[in-house]
Structure formats: structure tokens, C-alpha cells
Amino acid sequence: MEDVGARLVRRFGPEAERWLAEVPLVAERLAARWGLVLGELFESGASSVVLHCQWPDGTLAVLKLSPDRTLLTKQVEMLRVFAPSGRVPAVLAIDAEAGAMVLEEILPGTEAEDLPGATLPRQWGELLAALHGVAPPTHWPWDLRGRLDEAFSRIGQRLTEPTIGARIDQTMWQRAIRRCETLLDTQTRLVLLHGDLHLANVLDGGPSRGLVAIDPKACIGDPCFDAVDYVVAGAGHEGVEARCQRVATACGLGEDRLYSWSQVIAPMFAIAHLTHGGPEPVIDELLALAS
């Protein structure tokens, strides 16, 4: 829980510690109401605490709690929109006031990063086809431009940190923003994007189901965006350019445009690696990509 607490405080500030102290009682209260059998702590992200649990009918599930109730409620709406694709977890219960929801557990649940690299591009293409085949709801309020405006604003504040500012200056950051604006201004085909489709947000749902996406930030925009995190994660492996070629072919995307998106996202990946002491060759490749 210490690691979870550190991530939550980094995201939400010191008040997250008070919220975290109440999580065991909230989880027990919800378990009693819904008939859940609570299990071990699941590896949680930066905005939530996740526990293994069992639904009354024996279905394996996860209980997810977040101090950001608005985000959790929005995420439920997004999961339900993508439900017809069969490529997101089913929502079993929600308590918006408590900031909690129960989702089916995806099994075997192996993260995409740990799946065989030879077949992953094809599987990613199948996942995108299923997700992007969902018709965007009328008047859907979130688009890719707003998603990226928020990301550049939030992450850009970190350039003042000495470790990051020493490697990424305003010139590089503004170049990424200009590239982003050019791509946004030239979008043609618009789809309902997952919006945060990195390798840790894609799980193996087994042979009959294929890859399953979790934690969507659904927005309308360029289909290339749902492949770019996977491409940029090629830094330090086969290389971003080589992975871009494979992924573009498998997903039916324009290679040049996908590569341009990777140049936009590269400095954000570099900041993440600089924060967590990532390998220097990977950071060097990302910074060269952003130059």
C-alpha cells in the first residue's frame, strides 16, 4: 500500500493519504452490500486502488476505488460505450458516491508487454478494429484535441524539475506541440478512440476473446493515436521506426502519419523514463525522435 499511496499522492496531493486510510472500511462496506468476497490487492495505477474479489455467482472480478469520483464515473460511461465491441471489461456494479466500481476480471490477464512480440501487431490490429468499429455516441463531449491539450499542459509543468529540464527544454516541448497541432488540423477519418492505449492497459483475454482494453479515456479523433504508445514503446527494443512499420501494416494505418504521432508522444515517454530512472539508451532514442 505504500507504493500505491506514493502514486496517489503524486497524482492527487496530500489529501490522498486520508482517502487511502479509509479504503479498507469502504471496501468492507461495499463487499457486504454487494456480496463480494474480497481478495488480494491488485497492482494499481496512479489514480485508483484495485482489489481482487469474487461476485456472488462466483465470477472473478476486481473492485476499483478512486478518490477522483468524477473520473471513475466517466470511466464507467466509457466502458459501457465500448461494451458492444466485447473488448473491454464488463461493469458489474457502481457506487458513484463512494468512488467505486466492480468489473469482471480479465483472464489470463497478461499485459500486452509480456505477450509474444511476433503476433502482437496482428492482435493489436484486431483490437483497434473492434474498438474503432463502435459508433461514437451523438454529441460525445470529449475529443483528441482536448485530451492532448490537457496532457501537454499537465506534463509540461514538469519541465521545471531539474532532472527533466536538463534533458527536455521548451524548444523541444513546443516542437512537439506544433507537430501535434498539425496532425490534429489534418485529421480526416475520426473514430471513437480508447485514448490511453498503452501496453499496460491492454490485457490478454484468452484465445476466444483476444486483447482487452482497460481504463479508457474515450475521445473522438485520429485512429493512429490508439497505436502510437505501442509504437513508441519500441524504443530500446527493435526501435521505434521498425516497430512503426510493423504496427502500421498490421493495423491498416498510414506509416508516415503514425511515425509523426510518435514524434509528438516521444518527449512524454522520455519524461516518464527520466522520472523512474529508465535505461539511458531508451531515453536517448526518445529524445532523438523528438528532436
Side-chain angles (χ1 to χ4, degrees), residues 1-12 16 42-48 50 109-118 120-121 124 147-148 150-177 179-180 194-204 211 213-215 217 224-247 258-291:
M1 287 294 280
E2 289 182 8
D3 290 342
V4 174
R7 290 197 294 269
L8 291 172
V9 168
R10 192 180 303 121
R11 175 73 178 267
F12 298 112
F42 206 90
E43 184 175 346
S44 306
S47 61
S48 62
V50 183
T110 307
E111 291 186 359
E113 190 169 19
D114 298 321
L115 296 175
L120 190 55
W124 205 276
R147 164 99 171 81
L148 288 167
E150 184 278 331
F152 272 111
S153 175
R154 172 173 47 83
I155 300 172
Q157 296 174 19
R158 302 201 55 203
L159 268 61
T160 59
E161 299 174 21
T163 302
I164 293 169
R167 304 292 298 276
I168 301 174
D169 59 16
Q170 279 294 335
T171 299
M172 179 178 290
W173 197 247
Q174 292 302 318
R175 184 185 299 119
I177 291 174
R179 284 170 168 162
C180 182
H194 176 282
D196 194 24
L197 207 59
H198 55 76
L199 288 164
N201 269 354
V202 176
L203 308 178
D204 180 11
L211 299 181
I214 62 173
D215 296 345
K217 294 183 178 178
C224 283
F225 191 76
D226 272 351
V228 70
D229 280 26
Y230 174 27
V231 168
V232 177
H237 298 282
E238 71 268 41
V240 172
E241 187 171 358
R243 182 171 289 187
C244 182
Q245 293 173 348
R246 293 174 60 216
V247 173
L258 183 55
Y259 187 78
S260 294
W261 273 115
S262 73
Q263 292 178 298
V264 170
I265 300 301
M268 297 184 184
F269 267 62
I271 288 174
H273 280 289
L274 288 166
T275 300
H276 300 291
E280 195 62 31
V282 173
I283 295 171
D284 287 343
E285 183 176 352
L286 293 171
L287 295 180
L289 184 61
S291 298

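In what follows, every heavy atom counts, from backbone to side chain, and hydrogens, waters and symmetry copies are set aside.
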Item to complete: Could you list the residues that satisfy side-chain hydrogen bond (donor to acceptor under 3.5 Å, both in side chains) with E238, not counting sequence neighbours?
Response: R243, R246

Discussion item. For a quick test of reading the model, state the closest non-hydrogen atom pair linking G236 to V282 and the distance between them.
Written reply: CA-CG2, 3.7 Å

Fill in: F152: ring-ring contact (aromatic ring centres under 6.0 Å, His included) partners, not counting sequence neighbours
W173

Worksheet item: To the nearest 0.5 Å, what is the distance between CG (L203) and CG (L211)?
Response: 9.0 Å

Discussion item. Looking at every non-hydrogen atom in both residues, tell me the closest pair between V240 and A235 and how far apart they are.
Written reply: CG2-N, 3.7 Å

Worksheet item: Tell me, which pairs form a side-chain hydrogen bond (donor to acceptor under 3.5 Å, both in side chains) where one or both residues lie in residues 279-291, sequence neighbours left out?
Response: R167-E280, R167-D284

Worksheet entry | L287 to A270 - nearest heavy-atom pair and separation | CD2-CB, 3.8 Å

Item to complete: Mind checking side-chain hydrogen bond (donor to acceptor under 3.5 Å, both in side chains) for Q174 and listing every partner two or more places apart, or none if nothing turns up?
Response: Q170

Discussion item. Test of understanding: with salt bridge (Lys or Arg N to Asp or Glu O under 4.0 Å), list the residues that count as partners of R158, not counting sequence neighbours.
Written reply: E161

Practice prompt. Provide the closest heavy-atom pair for A213 versus L197 in the form atom of the first, atom of the second, distance.
Written response: CB-CD1, 3.7 Å

Worksheet entry | Beyond-backbone contact of L199 with L120, side-chain heavy atoms, under 4.5 angstrom | yes

Worksheet item: Hey, does the side chain of D196 reach the backbone of N201 with a donor-acceptor pair shorter than 3.5 angstrom?
Response: no

Fill in: Residues in side-chain hydrogen bond (donor to acceptor under 3.5 Å, both in side chains) contact with R10, at least two apart in sequence or another chain
none

Discussion item. Donor-acceptor check, side chain of R179 to backbone of A290, threshold 3.5 angstrom: yes or no?
Written reply: yes

Item to complete: Check whether any side-chain heavy atom of I265 sits under 4.5 Å from a side-chain heavy atom of F225, and report yes or no.
Response: yes

Response to the item:
The side chain to side chain contact (heavy atoms under 4.5 Å, CB included) partners of T171 (sequence neighbours excluded) come to D169, R175

Discussion item. Keeping T160 on the side-chain end and Q157 on the backbone end, is there a donor-acceptor pair under 3.5 Å?
Written reply: yes

Fill in: Within residues 272-291 or reaching into it, pairs that qualify as ring-ring contact (aromatic ring centres under 6.0 Å, His included) - sequence neighbours excluded
none

Worksheet item: Out of curiosity, L286 CG to M268 CE, how far, rounded to the nearest 0.5 Å?
Response: 12.5 Å

Worksheet, complete the sentence: residues 224-234 vs side-chain hydrogen bond (donor to acceptor under 3.5 Å, both in side chains), sequence neighbours excluded, gives H132-D226

Item to complete: Kindly state each residue pair satisfying salt bridge (charged side-chain N to carboxylate O under 4.0 Å, His left out) with at least one member in residues 270-279, sequence neighbours excluded.
Response: none

Fill in: Test side-chain hydrogen bond (donor to acceptor under 3.5 Å, both in side chains) applied to W261 - qualifying residues, sequence neighbours left out
D222

Worksheet entry | Min side-chain heavy-atom separation V202-H194 under 4.5 Å | no

Practice prompt. Only counting residues at least two apart or in another chain, list the ones meeting salt bridge (Lys or Arg N to Asp or Glu O under 4.0 Å) with E113.
Written response: none

Worksheet, complete the sentence: Paired with I283, the side-chain contact (heavy atoms from CB on, under 4.5 Å) test is passed by just one of I271, L274, I168, namely L274

Discussion item. Show the nearest heavy-atom pair for residues S47 and L8, with the distance to one decimal.
Written reply: C-CD2, 3.7 Å

Worksheet item: Can you name the closest pair of heavy atoms from C180 and L148 and give their distance?
Response: SG-CD1, 3.5 Å

